[in-house]
Amino acid sequence: MDRKRANRKLILGLLLMTAGSFAFGWALVPLYDVFCRTVGIGNAEAKAGPAVAREQVDPDREITIEFVAAPASVGSFEFRPKVASMRIHPGKLYGTEFFARNLTSGASVAQAVPSISPGGIAQYFHKTECFCFTPQKFGVDEGRDMPVRFIVDPQLPDNVDKITLAYTFYDTTQNASQP
C-alpha cells in the first residue's frame with residue numbers, strides 16, 4: 001500500500017514537472033522578446049531606433065563619406081564604387097552604388113563584407129539598403145550596379161568630419177554550392 005502511494009506521488013510529481021517544463025518553454029519566446037526590446041540586443045527593430053525611420057537633417061554640418069572597394073581574390077571580380085566620395089548632411093538619407101562584374105568562366109556567388117572607420121563610428125552609420133545584406137549571384141561575365149542607402153546619425157561626434165565605408169568582396173561560390 002505504501003509503495004502504491006509512493007509511486008502515485010512520484011508519477012504525479014513527474015507529470016507536474018513535465019507540464020511545468022513545457023509551460024516554461026512556451027513562455028520563453030515572449031519573455032525573450034521582451035528582454036531583447038528592453039536591453040536592445042538581438043532585435044533589429046530595437047537596434048534601429050527612430051533615427052533610421054525618419055530624417056532629422058542637420059543643415060549646418062557637412063561631412064565626407066569616402067567609398068572604398070576591394071575584391072578579396074584577385075581575378076574573380078571587378079569591384080569598385082561608382083563615386084569615390086560624397087559630401088553629406090547628417091540626418092539625411094543618401095544613396096550610392098557599387099559596380100561588380102564576374103570575371104570567372106562560370107556562374108559565381110559573392111558576398112560583400114563592410115567596414116566603417118574611424119573605429120567606433122559604425123553605431124552612427126545606418127544602412128537601410130545594402131547589397132551586403134545577401135549573397136550576390138552572377139552569371140558568366142555579368143556585371144551590375146548594386147545600391148547602398150544610408151543615413152548618418154546627427155548625433156555623430158563633432159570631431160568626426162570624414163567616414164570611410166569600405167567593402168571587401170569575397171567569392172563564395174564554393175561555400176554556396178556546399179549543402
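Fair warning: this is a prediction, and the values are worked out from it, not measured in the lab. Residue numbers start at 1 and run along the sequence shown.
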For residues [X] and [Y], determine if any side-chain heavy atom of one lies less than 4.5 Å from a side-chain heavy atom of the other.
X: Ile63; Y: Ile65; result: yes
X: His89; Y: Glu62; result: yes
X: Phe77; Y: Leu103; result: no
X: Lys82; Y: Phe67; result: no
X: Met146; Y: Tyr167; result: no

Shared hydrophobic cluster for [X] and [Y] (ILVMFWY, side-chain gaps under 4.5 Å):
X: Met86; Y: Ile116; value: yes
X: Met17; Y: Leu10; value: yes
X: Val68; Y: Val83; value: no

Distance in Å, [X] [atom1] paired with [Y] [atom2], rounded so as to fall on 0.5 Å steps:
X: Arg149; Y: His126; atom1: CZ; atom2: NE2; answer: 15.0 Å
X: Gln111; Y: Phe131; atom1: CD; atom2: CZ; answer: 9.5 Å
X: Thr128; Y: Ile151; atom1: OG1; atom2: CD1; answer: 8.0 Å
X: Asn102; Y: Asp171; atom1: CG; atom2: CG; answer: 7.5 Å

Name all pairs fulfilling the salt bridge (charged side-chain N to carboxylate O under 4.0 Å, His left out) condition that reach into residues 100-109, sequence neighbours left out, sorted by first residue then second.
-> Glu78-Arg101
Which pairs, with at least one residue in residues 14-30 and sequence neighbours excluded, count as a salt bridge (charged side-chain N to carboxylate O under 4.0 Å, His left out)?
-> none
[X] and [Y]: which non-hydrogen atoms are nearest, and at how many Å?
X: Ala107; Y: Val140; answer: N-CG2, 3.9 Å
X: Val148; Y: Cys130; answer: CG2-SG, 4.2 Å
X: Pro114; Y: Leu165; answer: CB-CD1, 4.5 Å

What do you reckon, is CZ of Phe133 surrounded by more than 12 foreign heavy atoms closer than 6.0 Å?
-> yes
Would you list the atom pairs, donor with acceptor, under 3.5 Å between side chains in residues 154-162 and any protein atom, with sequence neighbours excluded?
none

Pairs flagged by side chain to side chain donor-acceptor pair (under 3.5 Å) wherever residues 1-18 is involved - sequence neighbours left out | none
Donor-acceptor under 3.5 Å (Ser108 side chain, Phe138 main chain) = no
Any residue meeting ring pair (Phe, Tyr, Trp, His ring centres under 6.0 Å) with Phe125, in chain and number order, not counting sequence neighbours | Phe150
Please list, chain by chain and in numerical order, all residues satisfying ring pair (Phe, Tyr, Trp, His ring centres under 6.0 Å) with Tyr124, sequence neighbours excluded.
-> none
